[in-house]
Structures are given as C-alpha cells and as structure tokens.
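Okay, so here's the structure we're looking at.
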Amino acid sequence: MKLEPLPTDPTQALRVRAHELIPGGCHTYAKGDDQFPERSPPFIVRGAGCHVWDMHGSEFIEYGMGLRAVTLGHAFEPVLSAVRAQLSLGINFTRPAPIEVECAELLHSLIASAEMVKFCKDGSHAVDGAIRLARAYTGRDMLAVCGDHPFFSTSDWFIGTTEMNAGVPESTRRQIVKFRYNDIAGLDALLQQFSGQIAAVIMEPARTEEPTPEYLQQLKARIGASGALLIFDEMITGFRWHLKGAQHEYGVTPDLSTFGKAMANGFSASALAGRKEIMRLGGTDHTRERVFLLSTTHGAQTHELAAACATMRYYESHPVVETLYARGARLRRGIDQAIDAAGLGGHFELLGRDCNLVFATRDAEHQPSQLFRTLFMQEMIKRGVIAPSFVVSYSHSESDIDRTIDAAANAFRVYRGALTNGLDGLLEGRSVKPVFRRFS
Ligand SMILES: Cc1ncc(COP(=O)(O)O)c(C=O)c1O
C-alpha cells in the first residue's frame, strides 16, 4: 500500500498518517478525532500536572486526563521516581518479583474485600477475570449487566451488548441480560426469570446517579440469595469516591471487585480483588477444577507495580481524594453560577459527584445534543481548556479551576447565542459522535 503525500502543516500531516496506519487514528476510541471538535489539538506532546502542550507548543488545561487514569497529574515526580528506580533493576523476570507481593499487600490493606488480588494491565482484563471466575465458581453461564453503566470490558461478552457489536457471535449475546440501576424490582424479576442461570451481576457501585437508600444492600442480599456473585467494577469509583473504594463509602461488600485507572496514575496496572474462597480457584491449593485466571507475559511488570505502589502510598499520605472533591466542588459552584448568568438552565448541566463531574448539553428544545457538545468543547479549547468532562485531578489548582470557570462563562455566551440564533456560522467543522454507533 502506498501512503498519500502529506499536508505541509506537521500536525495535519501526522493526523493523515495516523488515520492511514491506525484504524480510527489512535489506540483508544475515546481519544479519537470523532470525539473532539475539528479545531482540537490532534496530538498532545507532553503534560505536567493538569497542563498539556500540543505540537505547536500551545498549552491547555486538561480534564479527564488519560480517561480518568492520571489522578495525581501528568509526569508526577513521586510516581516517576519509583518507576525509574524499578526500571534500572529490570522489569520482567523468569520468576515473580517481590514487588508483586508488596503491591498485593498494599491493595489488601486498603480494600476490605480484597482477601486475594491478582494484577493485570487493563481494566477490561480484570473484569474479564472476574467474569470467568464467577462462571467457574457458580457453574452458570449467564451474566446480568447494569444497562445504565456504559462500559465494562473490551471483550465479546460486553461489546456484544453495545450498539457496536459487529463480530460478536449471537450465542455470546444471548448469555447477557440487562437491568436498570436503582430498580430492585427489575432485578428481582430478572433473577426470577433466569433462576439458577445467572453467574454474576456486574455493575459500577454508582455513576452519575447515586444509589437510593438501601438499594445496594438489598441488591446484594437478592444476588446472594439467588446463588449469583456481585461484582463491583470500581475502575472509576476506586480511589476516587473513597480511598477504600465506593464499596466502603456505601457500606456494601461485593464478592469480587475490579480496580484500574486511578490505581497507578496512568501506568498500566489493574487488579481483580475479592473473596479468598472464590479467588483461590485461580491458584493451586484446592481440589476443584482449576480456573485460568489472568496470566499474561506482561502481566506483572515491576515498573507498573512500582507506579501502583507509589500512587497508592501517595493517596495514603496526602489528602488526594479530599482534594478531588474540593476542586470539583469549586468548579461546580463556578460553573453553576455561570450557567445561571448565561440563562442556560436546562441546556447545560453538571452531573455526578464533585470528584467526577461530567456535563450534559441540550439544544433549544432541551434534547440531548452532540452538536451543542461540540460547540461547547470547541469554545473551551479556544480558551485553552480541553474538557470532554470536568473530571479533576490532584494537580488541578484553584487557579486552574478559576481559569476554567472563566473559559466556561465565555463559552456559555456563545452557547446562548446558538440557542437563540442557531448554530450556523458558529460550529467550525463536523459534530462529535458517540463511540458506540453501528456506522461511521
Ligand atoms: C467502569 C469501567 N470498567 C472497565 C473499563 C475498562 O478499562 P480499560 O480501558 O482499562 O480496559 C473502563 C474503561 O473506561 C471503565 O470505565
């Protein structure tokens, strides 16, 4: 295949090459061109704290850094120095390294339900491990998945439930049923309809919607009575809702839970944790049939585990979670005031906990709008803020937050104008689109 001649602007040239060589132009859909306005910086060259720089040297404040993985900040020295020290000792040996145990002890000490843990690289792998283990432990095939939570894994069992399910066999899709969050009657009905068939119920403990009183407690009791396992996917809530996990925050103990993202400040470490009686099936000290549980060539590279240890220790010794809440609260106050000032109530809304703010954009008819999302993101980028969400990190200072509020107040004036006069002439390019869609 011959590659096309490139545009003279190096950034645009790289964008063209990226799409020629990489399906989607990048390796994570959520970072793709179709997720951002046309005038976004196509590439980020470097970051420090919550600031990033594009190929032209322009600086931006970033939100949601690394899909919420970079909780402490880009190039965060306490984590980097732990990684450097480990790199110089070697990263992957023929036998396990002591840091595998050290890191497991650390997670075990923080997460009450983590009687045993197994590390891997990505959240999806950890969740897949939980699914296989639950199926093996219960001897059942079906899974109940929370339909209000958008993502659990890159594997067939989950991708088959999405709009973008090409390539997933029908037989796999038939094994999954969905339930609604905060709907205990709906879950009851499902457990009854598929009595004795559901291996596990998988969900995030919460997302933008908080659990109603006693919902999670009732859910846990119903699942236990049905003989299924409760899996909490704490990829987002872990180390963010609470240092000890959302399971501690809500007082509900899952059978298995998964962590990733915030665990290693962007380095590739994730974990499956849970009850010993279940987890040990992945080991060698039992007489039941063995489960092939999370074993890969790069699974426990020492520098990634060093990053995880350094990150978790930093959380323990600094007010990280408190700061995430405090910065988010400051941002929420300022943005809510700016929404009122611009008369955007009902059109722009902040959702979720202060430590994990996302936003909804609605058009003049109050309908969810990707076009208005594009306009808002475009106007923020012009003002130096990349904000697909308002998920803060420990590195977002009060002045970064205040700069963001100023940018949003100005972006809202453009938004208001577009609601009144239409988007014509305001949108500089095509709309952003949801990741999960059947066709481009
Ligand atoms: C709740 C949740 N679970 C699982 C995953 C999968 O994690 P990873 O992308 O590390 O495979 C994600 C990723 O966004 C997620 O948000």
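In listed order, ligands and their atoms are each counted from 1.
Checked by distance only, ligand 1 and Arg207 stay at 3.5 Å or farther apart across all their nitrogen or oxygen atoms. An N or O contact shorter than 3.5 Å links Lys261 to ligand 1 by distance. Backbone and side-chain nitrogen or oxygen atoms of Gly123 are examined, and one is located within less than 3.5 angstrom of a nitrogen or oxygen of ligand 1.
A parallel orientation is assigned to the rings of Phe239 and Tyr315, their planes being inclined by less than 30° (bins at 30° and 60°).
Using a 4.0 Å cut-off between charged side-chain N and carboxylate O, Arg207 and Asp148 make no salt bridge.
Asp128 and Ser153 share a side-chain donor-acceptor pair at under 3.5 Å.
No side-chain heavy atom of Glu304 sits under 4.5 Å from any side-chain heavy atom of Ile91. A 4.5 Å side-chain heavy-atom check between His51 and Asp400 finds at least one atom pair inside the cut-off.
The protein heavy-atom contact nearest to atom 2 (C) of ligand 1 is Phe151 O, 3.2 Å. The closest protein non-hydrogen atom to atom 4 (C) of ligand 1 is Phe152 O, 3.1 Å.
Between Phe372 and Phe348, the distance from one ring center to the other does not fall under 6.0 angstrom. Aromatic pair Phe436/Tyr29: centroids not less than 6.0 angstrom apart.
Set against the non-hydrogen atoms of Ile236, the atoms of ligand 1 under 4.0 Å away are 16 (O). Ligand 1 places these atoms under 4.0 Å from at least one heavy atom of Asp233: 1 (C), 2 (C), 3 (N), 4 (C).
At a heavy-atom cutoff of 4.0 Å, ligand 1 is contacted by the side chain of Glu204 but not by its backbone.
With distances taken over non-hydrogen atoms, the option nearest atom 9 (O) of ligand 1 out of Ala30, Cys120, Ser124 is Ser124.
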